[in-house]
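Remarks on the structure that follows.
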Amino acid sequence: MSDSKNVIKSTPMPAKATEVIVGVVGKISPADAFGALTQIVSVVRESIEIHETESTKREKLVTYRETEVARIKASERILREYFDRVFDERKVTNKRLFDSLDLALQSGDVAALQAVVGGIVDVARTSPMAGIGELRRAMDDPNAVFEF
């Protein structure tokens, strides 16, 4: 037994509206119906093509992003390695220079003091970034090959 609460109630269309719809359908030729169907198929086909094109573009963008992120990470590794090596070398050099400065001060050796201070000034003048110009030029060269 069906539940009367689940019955859908509706209002029937007025007779005039039904006549208008039937009248319009009666006036549509099979050629018009086929034209409408052709147009629907064409619009759907175009929508599918646009979707495929845009999906391809998105895939290309994802690939481009992944490639560029990989390049940035590779460059970061190279730069970190460079800085670690250069600053480690400078650390050793600076320690030796300042140890020598302490010894020259303790001994009162003016000539040694002048030589050590000259060495400290020379090290201070040179920047670890001075050699980075070559690296930059190599990175800008499309024919450069980097091995990791």
Side-chain angles (χ1 to χ4, degrees), residues 1-104 113-148:
M1 195 149 135
S2 67
D3 190 358
S4 62
K5 291 180 184 177
N6 292 335
V7 174
I8 299 174
K9 297 181 181 179
S10 65
T11 306
M13 290 178 63
K16 289 185 179 179
T18 305
E19 290 171 12
V20 170
I21 292 173
V22 171
V24 169
V25 171
K27 293 181 183 177
I28 297 175
S29 70
D32 291 337
F34 182 73
L37 177 62
T38 303
Q39 191 171 20
I40 289 172
V41 169
S42 175
V43 168
V44 169
R45 183 176 290 135
E46 184 179 343
S47 296
I48 291 170
E49 287 174 6
I50 289 171
H51 176 74
E52 288 174 356
T53 300
E54 295 304 316
S55 294
T56 301
K57 286 180 184 178
R58 278 191 295 275
E59 287 175 21
K60 285 180 181 179
L61 286 173
V62 166
T63 302
Y64 175 77
R65 183 186 70 220
E66 290 171 354
T67 301
E68 293 304 307
V69 166
R71 285 181 56 199
I72 289 168
K73 286 184 179 185
S75 296
E76 177 186 0
R77 281 192 302 275
I78 290 169
L79 196 56
R80 279 180 185 254
E81 213 173 287
Y82 175 79
F83 282 151
D84 288 348
R85 189 182 75 244
V86 168
F87 284 112
D88 194 42
E89 290 170 3
R90 287 178 71 94
K91 180 180 172 183
V92 171
T93 302
N94 289 339
K95 181 173 179 358
R96 287 185 183 159
L97 283 170
F98 283 99
D99 287 347
S100 298
L101 180 65
D102 288 341
L103 288 172
L113 191 60
Q114 287 176 334
V116 171
V117 169
I120 291 172
V121 169
D122 286 344
V123 168
R125 280 189 199 151
T126 60
S127 166
M129 297 299 288
I132 204 111
E134 283 183 40
L135 180 61
R136 176 69 187 164
R137 282 189 291 283
M139 289 176 68
D140 288 340
D141 181 3
N143 297 320
V145 177
F146 297 95
E147 292 185 28
F148 301 103

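- D99 meets the side chain to side chain donor-acceptor pair (under 3.5 Å) test with K95; sequence neighbours excluded.
- Atom-to-atom distance recorded for I72:CD1 and R77:CZ is 12.0 Å, nearest 0.5 angstrom.
- Of all heavy-atom pairs between V116 and S100, the closest is CG2-CB, 3.7 Å.
- Here E54 pairs with K57 in a salt bridge; the nearest charged N to carboxylate O distance falls below 4.0 Å.
- Side-chain contact check for S42 and R45: no donor-acceptor pair (N or O, by modelled atom type) lies under 3.5 Å.
- Listed by first and then second residue, the side chain to side chain donor-acceptor pair (under 3.5 Å) pairs involving residues 30-39 are S29-D32 (not counting sequence neighbours).
- Note that CD of E49 is 7.5 Å distant from CD of E52, once rounded to the nearest 0.5 Å.
- Separating the CG atom in D122 from the OG1 atom in T93 is a distance of 12.0 Å, to the nearest 0.5 Å.
- Remark: of the listed residues K91, R85, R90, K91 is the sole one forming a side-chain contact (heavy atoms from CB on, under 4.5 Å) with D88.
- Between atom CG of residue D102 and atom CG of residue L113 there is a gap of 10.5 Å, rounded to the nearest 0.5 Å.
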Extract all donor-acceptor atom pairs below 3.5 Å that involve side chains of residues 60-67 and protein atoms in other chains or at least two apart in sequence.
{"from": "T63", "atom 1": "OG1", "to": "E59", "atom 2": "O", "distance (Å)": "2.9"}
{"from": "T67", "atom 1": "OG1", "to": "T63", "atom 2": "O", "distance (Å)": "2.8"}

